[in-house]
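Here, residue 1 is the first one in the sequence, and each next residue gets the next number. In listed order, ligands and their atoms are each counted from 1.
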Amino acid sequence: MRHPTRYRAGVRVGVLTGGGDCPGLNAAIRAIVRKGIDHYGHAIVGFRDGWRGPLENLHEELTIESTRGILPRGGTILGTSRTNPFKRENGPERIRETMETLHLDGLIAIGGEDTLGVAARLYEGHGLSVLGVPKTIDNDLAATDVTFGFDTALHLATEAIDRLHTTAESHHRVMVVEVMGRHAGWIALHSGLAGGADVILIPERPFEIDDVCGLIRRRHSRGRVFSIVVVAEGAVPEEGTMAMTDREEDEFGHVRLGGIGQRLEREIEQRTGFETRAVVLGHTQRGGTPTAFDRVLATRLGVAAIDAAHDERWGTMPALRGTRITLVPLSEAVEQLRTVPPEDYVVASPFFG
Ligand code: F6P
């Protein structure tokens, strides 16, 4: 049922997706457009490529027609980038100008830690009407229990581990599976648990390579002929126990991770004598169609975001708390990373070695 005339006329809301893409972004965009236009009678303007869109006024009007059929599609129809407006000359002022030129009442930024960090600064430091929607496969945002994208990445990683079991067993090999997650071990821990990994290494708990090899040796001494090691890309050895290389940084000062799988492959093979192969799942974890869970979560957050925009609740973010969606201050979401608590890791350790 349509009720557009019941509401404030002529409200215009911008929307952008920033940072790494993830499955569920299109479901969130669709929800914002559908409820925004059909229910409230608002106009929705989509910005291209994250914060680059409002910086350079790259936009398109989003309609029910143009967002039809996107619910099951991975990626983002708006495009994305890791552009940081605070690293560009007059960035916040240029965003304000674009919003004024397009007569926007506010802007919804769908993103992770970096994109939402910019949104919080634009709201608090520059008085811009911005609100956020949490997404990331890393699942590392505070203030929400789960981010959409995580469940799809987790399924992909679990399926990969299942597949690697059979080839590892046939060849009597150790398989090292490197998964994403930046400085949080959610994907590694959960896919490792779901896939029955023999060792799981996460950034929250620096590892000793001797311990890793000890677990593999123990397992093999008990008659098993293969092992699966799941390692988060951000996992680090205890200081001085294994050499690591320097990394380049992006506009938000994040180092580009990846490569720990290959390092472990060499170390494990040399130290144990067991033939070892590394598999880097990489961006396959971000691609493809979202799971039903991610579609539903993204849809609920999208609806809550356009409701919040309608109510002019700028500076907030809808979050999943337990089973309910609730509005929280944006600042809360970016205060700190939500990493794996030690008690969660303890659950996995009886299955090691
Ligand atoms: O934040 C999502 C994420 O996929 C991380 O897990 C990973 O470290 C990073 O993005 C990779 O970024 P890029 O796509 O820029 O290589």
Side-chain angles (χ1 to χ4, degrees), residues 16-26 28 49-52 74-76 78-84 87 109-119 132-144 146-158 160-161 177-192 200-204 230-236 244-264 278-291 294 297-298 317 333-334 336-340:
L16 65 82
T17 53
D21 70 336
C22 79
L25 285 169
N26 287 326
D49 302 341
W51 290 111
R52 190 185 301 145
T76 162
L78 292 175
T80 185
S81 72
R82 295 197 187 278
T83 308
N84 182 352
K87 287 277 166 73
I110 310 176
E113 184 205 356
D114 297 333
T115 305
L116 298 182
V118 169
V133 174
K135 69 85 210 176
T136 165
I137 63 162
D138 303 337
N139 201 32
D140 60 355
L141 275 178
T144 186
V146 188
T147 53
F148 68 80
F150 171 63
D151 189 63
T152 309
L154 175 59
H155 274 71
L156 185 290
T158 305
I161 295 167
V177 190
E178 180 184 305
V179 299
M180 282 186 167
R182 214 170 241 175
H183 302 293
W186 294 107
I187 300 177
L189 180 65
H190 283 224
S191 64
I200 302 173
L201 304 175
I202 61 172
E204 292 83 348
V230 176
V231 59
E233 60 177 359
V236 283
M244 298 290 281
T245 42
D246 289 343
R247 321 287 177 87
E248 53 183 88
E249 290 184 358
D250 68 14
E251 282 192 30
F252 287 90
H254 291 298
V255 287
R256 194 156 157 207
L257 297 168
I260 185 72
Q262 249 115 27
R263 294 204 59 77
L264 281 168
V279 176
V280 180
L281 299 186
H283 293 81
T284 57
Q285 293 159 98
R286 295 223 308 252
T289 184
T291 59
D294 278 340
L297 179 57
M317 178 190 91
V334 293
Q336 59 180 47
L337 277 190
R338 200 174 70 89
T339 51
V340 174

What is the nearest protein non-hydrogen atom to atom 4 (O) of ligand 1, stated with its residue, atom name and distance?
-> Arg286 NH1, 2.7 Å
Atom 7 (C) of ligand 1: closest protein heavy atom, distance to 0.1 Å, is Glu233 OE2, 3.2 Å
Quick one: look up the protein heavy atom nearest atom 1 (O) of ligand 1 and list residue, atom name and how far away it is.
-> Asp138 OD2, 2.6 Å
In the protein, what heavy atom is nearest to atom 16 (O) of ligand 1, and what distance, to one decimal place, separates them?
-> His283 NE2, 3.2 Å
Salt-bridge contact Arg338-Asp140 (side-chain N to carboxylate O under 4.0 Å) | no
Under 4.0 Å from ligand 1, counting heavy atoms only, is it the side chain of Ile137, its backbone, both or neither?
-> side chain
How many angstroms lie between CD1 in Ile161 and CG in Leu281, if you round to the nearest 0.5 Å?
-> 7.5 Å
Can a non-hydrogen atom of Gly181 be found less than 4.0 Å from any atom of ligand 1?
-> yes
Look only at the side chain of Trp51 and the backbone of Thr83, and say whether a donor-acceptor pair between them is shorter than 3.5 Å.
-> no
Going through the distances and angles, do Asp151 and Thr291 end up as a side-chain hydrogen bond (donor to acceptor under 3.5 Å, both in side chains)?
-> CA-CA 7 Å; Asp151 189 63; Thr291 59; 2.6 Å; yes
So, does Arg82 sit close enough to ligand 1 that a heavy atom of it is under 4.0 Å from the ligand?
-> yes
So, are Asp114 and Arg182 salt-bridged, with charged N and O less than 4.0 Å apart?
-> yes
Check ligand 1 against Arg182 and write out every atom of the ligand that is under 4.0 Å from a heavy-atom position of the residue.
-> 6 (O)
Min side-chain heavy-atom separation His183-Leu337 under 4.5 Å = yes
